[in-house]
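Take a look at the structure set out below.
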Amino acid sequence: MACRISELVLKCREPEVLARFWCEVLDFVVLDREGEGCIEIGPREGFGGPQPTIFLIRTDEPTNGHARLHIDVNATDRDQDAELERLLGLGAELVDIGQPVEASWHVLADPEGNEFCLLKRRLDPV
């Protein structure tokens with residue numbers, strides 16, 4: 001049996017802000033709070049399901065350049081253009097990291113500047 005991703009950990013300045021943002025983006029809920037400044041969000045069925053949970057951990061460390069890992073998301077109930085508008089309305093911003101003009105994906109940043117991509121293909125909800 002191989003491993004699978006069960007949790008993603010994201011260090012951030014404002015875990016509450018990012019928890020609200022990513023819960024809206026992914027239709028997640030707050031699953032747990034561990035001490036001050038550590039929030040776990042994930043699917044309503046909780047840890048261990050087909051989707052990983054996300055731990056948001058408060059840090060005051062400065063960011064240092066582009067992250068080497070980022071999240072890709074796909075819309076489940078609307079087309080890419082409608083989902084882009086929804087994400088922008090939630091506080092995401094379009095960013096240019098040198099992607100081709102004709103790219104089939106959009107590069108965005110969450111409220112703390114963490115980059116993620118909105119892909120074109122629609123997926124079935126889990």
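Computed from heavy atoms alone, side chains included, the values below leave out hydrogens, waters and symmetry copies. None of these values were measured; they are calculated from a predicted model. FYI, the numbering just counts along the sequence from 1.
- Using a 4.5 Å heavy-atom cutoff, the side chains of Leu18 and Ile41 are not in contact.
- Between Val29 and Leu31, the closest side-chain pair of non-hydrogen atoms falls below 4.5 Å.
- By the 4.5 Å heavy-atom criterion applied to side chains, Ile54 and Leu26 are counted as neighbours.
- The side-chain contact (heavy atoms from CB on, under 4.5 Å) search around Ser6 returns Phe47, not counting sequence neighbours.
- Between Ser104 and Gln80 the shortest side-chain heavy-atom distance does not fall below 4.5 Å.
- In this structure, Arg4 and Gly49 approach most closely via the heavy-atom pair NH1-O, 2.7 Å.
- Linking ILVMFWY residues whenever their side-chain heavy atoms come closer than 4.5 Å, directly or via other members, places Phe28 and Val73 in the same cluster.
- Side-chain atoms of Arg86 come within 3.5 Å of backbone N or O of Val25 as a donor-acceptor pair.
- For Asp60, there are no side chain to side chain donor-acceptor pair (under 3.5 Å) partners two or more places apart in sequence or in a different chain.
- The side chain to side chain donor-acceptor pair (under 3.5 Å) test applied to Arg78 returns Glu83, not counting sequence neighbours.
- Applying the side-chain contact (heavy atoms from CB on, under 4.5 Å) test to Glu14 and every residue at least two apart in sequence or in another chain returns Val17, Glu112.
- With values rounded to the nearest 0.5 angstrom, Thr53 atom OG1 is found 9.5 Å from Asp32 atom CG.
- Contact detail for Cys38 and Ile57: the closest heavy-atom pair is SG-CG1, 3.9 Å.
- Partners of Phe116 under the ring-ring contact (aromatic ring centres under 6.0 Å, His included) rule, at least two apart in sequence or in another chain, are Trp22.
- Here salt bridge (Lys or Arg N to Asp or Glu O under 4.0 Å) pairs that include residues 15-29, with residues two or more places apart or in two chains, are Glu16-Arg33, Asp27-Arg44.
- In the hydrophobic clustering of this structure, Leu118 groups with Leu8; members are Ile, Leu, Val, Met, Phe, Trp, Tyr whose side-chain heavy atoms approach within less than 4.5 Å, directly or through other members.
- In this structure, Leu84 is a member of the same hydrophobic cluster as Leu90, with clusters built from ILVMFWY side-chain heavy atoms closer than 4.5 Å.
- Within the 3.5 Å criterion, the main-chain N or O of Glu34 finds no donor-acceptor partner in the side chain of Glu40.
- Between Ala92 and Leu108, the shortest heavy-atom contact is CB-CD2, 3.9 Å.
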